> 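First, the structure itself, so that you have it in front of you.
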There are 2 protein chains.
Amino acid sequence: MRIRVAECTVRYEGRLNAYLPEATRLVMVKADGCVAVHADGGAYKPLNWMNAPNTFTDDGDTWIVVNPKGETLTIEFGVVHFDTSIELGEDPGLQKDGVELELQRLLAERPETFGDGMSLIRREYPTPIGPVDLLCRDDDDHTVAIEIKRRGEIDGVEQLTRYLEFLNRDKRIAPVRGIFAAQQVKPQARTLAEDRGIEWVEVDYEELKGIDPDVMRLF
Amino acid sequence: MRIRVAECTVRYEGRLNAYLPEATRLVMVKADGCVAVHADGGAYKPLNWMNAPNTFTDDGDTWIVVNPKGETLTIEFGVVHFDTSIELGEDPGLQKDGVELELQRLLAERPETFGDGMSLIRREYPTPIGPVDLLCRDDDDHTVAIEIKRRGEIDGVEQLTRYLEFLNRDKRIAPVRGIFAAQQVKPQARTLAEDRGIEWVEVDYEELKGIDPDVMRLF
DNA sequence: AGTTCCATGTCGCGG
DNA sequence: CCGCGACGTGGAACT
């Protein structure tokens, strides 16, 4: 990564034309060749940029960056206050405890979302083909397997179907009801679920967050 | 702006939870307090960030950034390879569409638009807080600072006011008249400009293009 | 590879 | 301050 702090003007010609009058800014060139021009404010978004892949021309005072679409970023430098290069290496990348995991956590705390008297047996209940998100017991003492997705599509129903097939072989817990839960259940998934005798339900993430006991404790 | 290159782990807890395992990254803290953590690739988007406004706590090895919504960004540092702070100052900001720049170019070629005998001293005349679009001299030998916008709103008048404040400290050119020029000057901006003793004028882009000497030569 | 949809979207305008 | 739409949207997942 190369970091240069310098007075500069910047011109972008591409999907639109844009121009930055002379001022002191930070210009960042990453290992993959992408270039970003930052002011000392605004949000994380640079004032102007050029993503990789591109061709980079360093003509002394002027950097010209061109991408395959023909868009160009031209940076003309004045006084350079600072210029350094440093090797950062590969980044392991961001791990998002995405919404799906959060949904699972919230629903595990609120099994009654799926019916009065529903209680949690355990999260990530193991089967030979992978863990079921939630295993519960309903008020009739029947076992219930719940698959949770952010977006409920056909493959999620297929997944739950396979789990149910294995769970129902276990005499101690059979028969096992299936519930397919998602923020949004697509029509095709609804149809397939109903055809397989699997219930489906749409859950409201924001509402669940609102009644999160962890949050409640704060008040 | 503060720039630190260091080994770090980063945790974000807010609208979702996210975690960055230890690696060498660039952490940028802008003057407005916003924080961005960059890897040496990807696009211009940081791996993780926290926009202003926020409260920043520097606990030696650990930076904790909390915004008013309660979202937190926690950065734990290991080896620091590099750490520097530099003052960039205000940024004049991005001019999109090229319309502003085009207007500036056209008006620089036609300073008499602003009055008979008006002549251009220079474009992008530098001040400590950024360049004035046009600096001119009128037929009475008074200096005139002209700010050009596509859409003339209050903040443009404020900008010109600040320029005038600096320019009028320079005995060689004071007193400096101000003219606020735009394709359309909003009523609030008109009122404010008049209150500040700044003239305002609406310019016709199409008409200016029609009498552009560069274009004329083509015929 | 083309397309659709999500996003800690961000940003700017109008009410 | 809040809703609404555009964005050089960028980026991932799916066809």
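Every chain is numbered from 1 and lettered A, B, ... according to where its sequence line falls, protein lines coming before strand lines. Given the structure is predicted, the values throughout are model-derived calculations rather than measurements.
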> Could you check whether A:Tyr12 gets within reach of a base, just the sugar-phosphate, or nothing at all, counting any heavy atom under 4.0 Å?
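Result for A:Tyr12 = base.
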> To the nearest angstrom, how far is A:Asn17 atom CG from D:dC7 atom C1'?
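From A:Asn17 CG to D:dC7 C1': 16 Å.
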> Taking for each residue the nucleotide of DNA chain D bearing the nearest heavy atom, is the 5' side occupied by B:Lys45 or by B:Leu94?
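Per heavy-atom nearest nucleotide, the more 5' residue is B:Leu94.
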> Please state whether the phosphate of C:dG9, meaning OP1 or OP2, lies under 4.0 angstrom from any side-chain nitrogen or oxygen of B:Trp49.
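Negative; the distance criterion is not met.
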> Just the rounded figure in Å: distance from C1' of D:dG10 to CG of A:Asn54.
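About 16 Å, once rounded to whole Å.
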> Starting the side chain at C-beta, find the nucleotide from D:dG10, D:dG8, C:dT10 nearest to B:Ala43.
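Nearest to the side chain of B:Ala43 among the choices is D:dG10.
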> Tell me: CD of B:Gln95 to C1' of C:dC11, nearest whole Å?
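Nearest whole value for this atom pair: 18 Å.
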> From CD of A:Glu71 over to C1' of D:dT9, roughly how many Å is that when rounded to an integer?
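Interatomic distance, CD of A:Glu71 to C1' of D:dT9: 12 Å.
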> Can you check whether B:Val65's main-chain N or O pairs, donor with acceptor, with B:Asn54's side chain at less than 3.5 Å?
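No.
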> Nearest whole Å is fine: how far is D:dT9 C1' from A:Lys69 NZ?
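My rounded result for the distance is 11 Å.
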> Under a 4.0 Å threshold between the charged nitrogen and the carboxylate oxygen, would B:Arg196 count as salt-bridged to B:Glu158?
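Salt bridge between B:Glu158 and B:Arg196, a charged N being under 4.0 Å from a carboxylate O: yes.
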> Quick one: does any side-chain atom of B:Arg190 pair with a main-chain N or O of B:Val185 as donor and acceptor, under 3.5 Å?
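The answer is yes, because a donor-acceptor pair under 3.5 Å joins these two groups.
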> Give the rounded distance in Å between these two atoms: CG of B:Asp91 and P of C:dC11.
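It works out to 14 Å between those atoms.
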> Taking only N and O in the side chain of A:Arg15, is any of them less than 4.0 Å away from OP1 or OP2 of D:dA6?
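Answer is no, no contact under 4.0 Å.
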> Give a yes/no on whether any side-chain N or O of B:Asn51 is located under 4.0 angstrom from OP1 or OP2 of C:dT10.
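The answer is yes; a side-chain N or O of B:Asn51 sits under 4.0 Å from OP1 or OP2.
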> Looking at every strand, decide which applies to A:Met50 at a 4.0 Å heavy-atom threshold: base, sugar-phosphate, or nothing.
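If one applies the 4.0 Å heavy-atom cut-off, A:Met50 turns out to touch a base.
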> Ignoring hydrogens and angles, state whether a donor on the side chain of B:Gln95 or B:Lys149 is under 3.5 Å from an acceptor on the partner side chain.
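No, B:Lys149 and B:Gln95 have no side-chain donor paired with an acceptor closer than 3.5 Å.
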> Round to the nearest Å and state the distance from A:Leu20 atom CG to D:dG8 atom P.
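Interatomic distance, CG of A:Leu20 to P of D:dG8: 13 Å.
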> Relative to the 5' end of DNA chain D, which residue comes earlier, B:Gly42 or A:Gly14, by the nucleotide with the nearest heavy atom?
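On the 5' side of the pair lies A:Gly14.
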> Taking only the C1' atom of each, what is the distance from C:dG14 to D:dG8 in whole angstrom?
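My reading of the C1' atoms in C:dG14 and D:dG8 gives 24 Å.
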> Can you measure B:Leu47 atom CG to D:dA12 atom C1' for me and round it to whole angstrom units?
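So the CG-C1' distance, B:Leu47 to D:dA12, works out to 16 Å.
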> Would a line drawn from the ring center of B:Tyr163 to the ring center of B:Phe180 be shorter than 6.0 Å?
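B:Tyr163 vs B:Phe180: aromatic centres not under 6.0 Å.
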